Structures are given as C-alpha cells and as structure tokens.
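Below is one structure, written out as structure tokens; comments come after it.
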Amino acid sequence: MSTVPTAPTDKAPSATDNSDLEGQMRDRRRIVHELRAKGHNPFANDVRPSHQIFELPASRAEDVASLPLESDLPADAPRYAVAGRLLQVNEMGKAKFLFIRGDRGAMLQLYLKADVAEAFALSNQLGLGDFVLAEGPLFRTRKDKRALRVGHLRLLSKAIRPLPGKALQDGPKVSDEDWRYRQRYADMIVHPEVAEVFRKRATIVREIRRFFDERSYVECDTRMLLSTNGGAAAKPFRTHHNALDQDLYLRIATELDLKRLVVGGLDRVYEIGRIFRNEGLSRFHNPEFTSIEFYESYATYENLMDLTEELLERVCQVVNGTTTIDYQEHKDVRLCRPFRRATMRQLVKEARPDAPIADGPCSDAEYAALPGYAKTVLGVKAPTGYGHALVALFEEYVEKTLVQPTFVCQFPTEVSPLSRKSDADPRFVDRFELFVIGKELANAFSELNDPDDQRSRFAEQVSAKAGGDQEAMDYDEDFCRALEYGMPPTAGEGIGIDRLVMVLTNSASIRDVIPFPQLRPEVANPAEGEAK
RNA sequence: GGGCUUGUAGCUCAACCGGUAGAGCAGCGGCCUUUUAAGCCGUUGGUCGUGGGUUCGAGUCCCACCGAGCCCA
C-alpha cells in the first residue's frame, strides 16, 4: 500500500481519495507526521491521569446537581486530569463536546472552547478512536449533564485505523458479523457490553475459586501434554515434542491427573484450566474451553449434588443478584436449591411412556427389550446394547426438555469407564450429569477406585477404539498403578465454565463468552486488500 | 457431511416484473459558543464475493466455486 506522504506540501486534503479505508488511514498518518513536525509526540507516555473517569464525582445523573454551572465555576474548583478514548465529537463552531470512555466503560464529555487556543487547535486533529488526556474542572451543562471544561488537552495515542461502524449509538446493536470475533479488540471498543461479559466471567471464576478455597480444596495445575489420551470421551489434538521425539496429546480432561493427586494425599483438590477437544464448532462447542474439575475424598456423588446446588446458587446470586434468570427463550430458570434429581431411566420413561422401562430397578426384561425399542423409534442409527440405547433415547427425547436444573442420575456402566459401579446394580454407575437449558453443565460421579475393575474398563475402551470409536480412551497403565497404591473413596465433578458463563450472562453463543473463539482461517481476498 | 439463509461504498442497509447503483453514518470542505446518535449546506467514495451461462440488456435469472450465519447428523 502507499505509505505516508513524504512532502509536507502534500496537501490541502482536497476531497479526492480519502473516503475509503486506505485514504482515511493515510490521512491519520499524515496528522501523526504533522504533530511530530510541530514537536508533539502522537504516542506520548509522560503523563498520568489524576483520576479514572469512573472515580469522578457526580457519576450518577442524580448527583449532577451538585456541580456548578460553568458560569459559576469558582477559581479554586477542583481540577481533574482524566484519560480515555475519543468516541464522539459534537462540534458547534467555536465550542465542541468530546466524548471519551475510560475503564469500566465510564463515559465523560469534555467541553472545549475556542479561547483555549492550543487545546482547540489540537482537537481539530483528533479522530474517533484516539486516546486523549484532558484536564480541567467539572461543571453542569444547561441540560444538567456533567462535563469537564478543558483547560489542557493532550493526544496520548493516535488511532491510525478508524473504528468500524459507529462507536456511540443508542439501542442494542445486534449484528453477528464475523469481524467482531476476528477483531475482538475493535468489537469491544464498539460494543462495551462485550467487555461486560468478560468482567462477569472473571467474577464467576473468582467466586468459584473462593467457594472451593473456603472448603479447604487445594488448587493444582496438572499436565496439558500427555502421552495417553483419557479422562473423557473425545478426540484429542496431537502434537510432538522434538527433544524427546515423542508424540503427545493435548489433554481432553484433567480427571486422571487430579485423581493421581488424590492417591498422593490431596484429599480435596481442584483445577480450573483449559481443555482441548478436536471436535466441531457450534454455539456450545469451542475446541479449547475451560473446565473446573474437583475431587473430594470420602464423599459420594450425592454429596456433590448438594455441593453443586450450593455453588451454582451462590455464583448466580453474586453475578446477577438473583437466582432466577432468563436465558434466551427460556424464562425463569431457577438456579436455587433444590434442583430436581431423577434417574436417566425415569426421565426416558416420562418422555416415552411406551418404552419398556420398569418402574423400580432395571429388570432383566427391560435390559433385554430396550435396545429393540430404541431400534424401532430411533431407526438405523440406534446403537446396540442396553447402555448406549438408553443414552441415545435420553439424548433424543429428554435432553432438550431439561430447562430447569436437573440432576440426571444413574448412567449405564458402559458409557462411564471411570465411574464406580452402583452397589445396587453394577449395570449402572453412581454418576450424574447436571442439565440446565437443555445443555450439560456438569458431570460427576463416585470415582472408580478398584484398580482391577479400572483395568477391565480400560480394556473395553481399547477394544472400542479398535472397533473404530475415535473417542475411546487409551489404556493408562500408570493410572492403574496409582490406583493399586489405593485411592480413598472419592467423588469428583467437572463443570464447563464457558457454558456456565453463557447461562449466567444470557449469552447465545460460546463465542460471546470466549475472548478469541476458534474461527475458520481468515482468507485474504485479493480483491479487498483488507480481509474482513 | 446435509438443509435453510446470506454476500452491494470504510460501517449498516436499499434498489419493484431483468432496463444501466442509492440512503444514513463515517471521511473531506464550510456554518454554528451548552451538545447528547447534535443540527444545517456541500462533497468524495462502488469491477454489486469470484468465475461462467441465459438475454438486446444481469446487482436482479441459472450453474459452479469462495466466505459467513443458523439449524441438523
């Protein structure tokens, strides 16, 4: 592209070619050079604000009355030096208002008059997006708005690239343009509510951490690079360590390492961290996401239901000030105790009363008949075997109906290779998943701590993998060795942080709660010069 | 992978049955000393995603490809 103008005579910016993006940027670069030529640094870093905008007095509309009118400003009125990004200019001849935004989205309008000659001259060289520092007293305008009468004005940082769209605008702007995700920095400038979601996310994570720290859990960071794939049903990312000449997987769960730590004596342990799964993208799936997994010795999965209720109720209360929330089309989702608890069999039976499911414990007749039933109602895609058939029926008929928080208990053993078998019926495990708004939010179980049982479950996984199941786990010999040293009775749980943040911030897409979500590669369109 | 929708100025979007591309904002030039998405006057800016086809004539119809969004496996 063409670069900065070399000759100072190079205009007189007559309206020729400066309305396209390139022209606008060239124009802004020209201003940078002009300022430098006059001895001003357009990227200054020799001043500090005395206040953040959000700290200024009369931030609330009802407090503005405490400020004097400009004509009544006393000579000793307190002066403030504040900085922010310029987002809008209302010009009116020999006076103008500049709107700047500081941290936390706090807005301030600056009132600038021509008789402050130097500042006024500088203001003519500003563009939307520039960072400025202004100094002066606060006053109340005739429209009862707070404004700072500018005595001094500095350009702190010149924005070379103009902002996309209009930075300040009334009403909600709903657009799902992909530039918002590709250029999140620009998105956040134009849509401050995006940053608000990330702030809430930080609050949620902080509160979760506090919750477990209060209960004497220890936070640990375990390996992300592993030579075996396990801890969940998912396809891993592969990578390679050069020095060791060893292929490695990015972890798909923190489960097995955390249980190793339980074996080692950390009776209560948790990890909040990034998980990687080599799967498709959707509103609810990003290939890297954040989970918390926590493990508590001498607890059962039923204890974890109590704990989970308490945790979610508290986090929701802290973030939203209430435990009843709306999520998109779902109104009045009640994240307050108690959540419903039901077995998977019970829920499938409710949704499909004709299903051959017994009222009490699973009968042999039920065990034999359910796969055939699944075949009939689901068609060819129905899996064979009782456990997979039950899960398929659950996913097809029940899952999306679970809008209010529901603990789905008693999963089939064959889909739960790390869970402890139920004492009452070894065909099921002591496991639950928590569903809210029809989506899985948490997965928990009493941990399998019988090393020989674990070995046979791994063996089943290995044969499933050989049979083509790409999500099956590897045989983790070291983990079995750990269990052979003895693991106390333990229950553990994983919660998807991103989905929890979605629910608690009413975000429609996981892309709205992850700063830099995975996107298809940006393709440069030669015709455009600037890919968008 | 399948279905639906979609791609026009820097941004957001128009353009009837196919008739030769338009508005707001941004930019640029002017006016205005209390504005609130300020206002007023003027003005620059487009190979209509790409490539084919039909037609006297295509942003518009057809095909393919590329990108995006939503839904489904």
Side-chain angles (χ1 to χ4, degrees), chain A residues 11-28 30-31 61 64 67-73 86-100 107-116 120 123-129 139-150 159-183 186-187 189-191 279-285 328 378-382 392 395-396 400 508-509 511-512 517 519-532:
Chain A
K11 56 186 87 152
S14 61
T16 49
D17 56 351
N18 55 356
S19 69
D20 62 349
L21 179 61
E22 235 179 81
Q24 288 187 41
M25 291 179 67
R26 193 160 48 234
D27 222 47
R28 287 170 178 242
R30 179 177 53 76
I31 289 172
V64 172
L67 295 172
L69 288 169
E70 194 212 358
S71 52
D72 300 335
L73 268 174
L86 180 63
L87 294 179
Q88 188 192 326
V89 179
N90 288 354
E91 253 187 296
M92 49 214 67
K94 298 198 171 61
K96 64 179 75 173
F97 285 92
L98 310 182
F99 293 74
I100 64 173
M107 295 293 306
L108 179 69
Q109 53 176 347
L110 312 176
Y111 179 59
L112 192 50
K113 290 204 285 194
D115 47 23
V116 189
F120 200 80
S123 74
N124 289 327
Q125 306 218 267
L126 296 178
L128 301 189
F139 70 100
R140 165 168 51 101
T141 70
R142 287 178 203 156
K143 297 281 178 63
D144 283 329
K145 300 294 180 188
R146 180 183 69 174
L148 184 142
R149 193 187 67 189
V150 175
I160 299 299
R161 188 178 287 269
L163 294 172
K166 195 161 170 53
L168 272 193
Q169 187 177 309
D170 272 351
K173 286 162 291 186
V174 198
S175 78
D176 291 322
E177 303 299 311
D178 78 315
W179 70 262
R180 297 186 55 186
Y181 300 119
R182 297 197 189 278
Q183 301 186 37
D187 181 31
I189 297 165
V190 180
H191 303 100
E279 295 165 353
L281 309 172
S282 84
R283 268 178 66 201
F284 290 94
H285 296 86
Q328 306 290 308
L378 296 176
V380 287
K381 61 182 176 175
E395 288 175 350
E396 179 70 22
K400 63 178 73 67
S509 169
R511 289 179 174 182
D512 297 323
L519 301 171
R520 284 198 169 76
E522 192 168 6
V523 283
N525 184 341
E528 294 187 20
E530 178 75 12
K532 59 173 193 172

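From a predicted model like this one, the values you see are computed outputs, not experimental measurements. Just so we're on the same page: letters track the sequence lines, and every chain starts at 1.
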[atom1] gap between [N] and [M], integer Å:
N: B:G69; M: B:C25; atom1: P; result: 30 Å
N: B:A26; M: B:U36; atom1: P; result: 14 Å
N: B:C41; M: B:C4; atom1: P; result: 47 Å
N: B:U6; M: B:U12; atom1: C1'; result: 15 Å
N: B:G18; M: B:G53; atom1: C1'; result: 15 Å
N: B:G59; M: B:C48; atom1: C1'; result: 5 Å
N: B:C17; M: B:C11; atom1: P; result: 28 Å
N: B:A68; M: B:U50; atom1: C1'; result: 15 Å

Task: By salt bridge (charged side-chain N to carboxylate O under 4.0 Å, His left out) - contacts of A:Lys400 (at least two apart) - done: none
Is [N] paired to anything, Watson-Crick or G-U wobble with both distances less than 3.5 Å, and if yes, which nucleotide?
N: B:G1; value: B:C72
N: B:C28; value: B:G42
N: B:U8; value: none
N: B:U35; value: none

To the nearest Å, how far apart are [X] [atom1] and [N] [atom2]?
X: A:Leu110; N: B:U34; atom1: CG; atom2: C1'; value: 14 Å
X: A:Leu281; N: B:G67; atom1: CG; atom2: P; value: 14 Å
X: A:Asn124; N: B:G30; atom1: CG; atom2: C1'; value: 13 Å
X: A:Lys96; N: B:G39; atom1: NZ; atom2: C1'; value: 16 Å
X: A:Leu98; N: B:U36; atom1: CG; atom2: P; value: 15 Å
X: A:Gln328; N: B:C71; atom1: CD; atom2: P; value: 10 Å
X: A:Arg30; N: B:C28; atom1: CZ; atom2: P; value: 9 Å
X: A:Asp27; N: B:G45; atom1: CG; atom2: C1'; value: 14 Å

- [ ] For A:Val89 and for A:Lys400, locate the closest nucleotide of RNA chain B by heavy-atom distance; then report the residue assigned to the nucleotide nearer the 5' terminus.
- [x] A:Val89
Task: Toward the 5' end of RNA chain B, by each residue's nearest nucleotide, A:Phe97 or A:Gly127 - done: A:Gly127
Short side-chain N/O contact to [N] OP1/OP2 from [X], under 4.0 Å:
X: A:Arg28; N: B:G27; value: no
X: A:Lys143; N: B:U36; value: yes
X: A:Arg283; N: B:C71; value: yes

Scan nucleotides 31-33 of chain B against the protein and return all N/O pairs shorter than 3.5 Å with their distances rounded to 0.1 Å.
residue : atom : partner : partner atom : Å
B:C32   : N3   : A:Gly93 : N            : 2.9
B:C32   : N4   : A:Gly93 : N            : 3.1
B:U33   : OP2  : A:Lys94 : N            : 3.2

- [ ] Without swapping roles, check the side chain of A:Gln109 against the backbone of A:Arg146 for a donor-acceptor pair under 3.5 Å.
- [x] yes
Open item on the list: At 4.0 Å (heavy atoms only), tell me whether A:Phe120 reaches a base, stays on the sugar-phosphate, or touches nothing.
Closed with: nothing
Task: Least distance between heavy atoms, A:Pro517 atom then A:Arg511 atom - done: CB-CG, 3.7 Å
TODO: May I have the step-by-step check of side chain to side chain contact (heavy atoms under 4.5 Å, CB included) for A:Leu148 and A:Leu108, ending in yes or no?
DONE: CA-CA 8 Å; A:Leu148 184 142; A:Leu108 179 69; 4.1 Å; yes
Quick one: side chain to side chain donor-acceptor pair (under 3.5 Å) partners of [X], sequence neighbours excluded?
X: A:Glu395; value: none
X: A:Arg28; value: none
X: A:Asp187; value: A:Arg180, A:Arg184, A:His191

Task: Closest to side chain of A:Gln24, choosing from B:G27, B:U35, B:U34 - done: B:G27
Open item on the list: Of the listed nucleotides (B:A26, B:U36, B:C71), which one gets closest to any side-chain atom of A:Leu128?
Closed with: B:A26
Open item on the list: Checking A:Asn124 now: which residues fulfil side chain to side chain contact (heavy atoms under 4.5 Å, CB included) with it, not counting sequence neighbours?
Closed with: A:Glu91, A:Lys96, A:Phe120
TODO: For B:C61, measure the glycosidic angle (O4'-C1'-N9-C4 for a purine, O4'-C1'-N1-C2 for a pyrimidine) and name it syn if it falls within 90° of 0, otherwise anti.
DONE: anti
Task: side chain to side chain contact (heavy atoms under 4.5 Å, CB included) between A:Val64 and A:Thr141, intermediate numbers included - done: CA-CA 9 Å; A:Val64 172; A:Thr141 70; over 6 Å; no
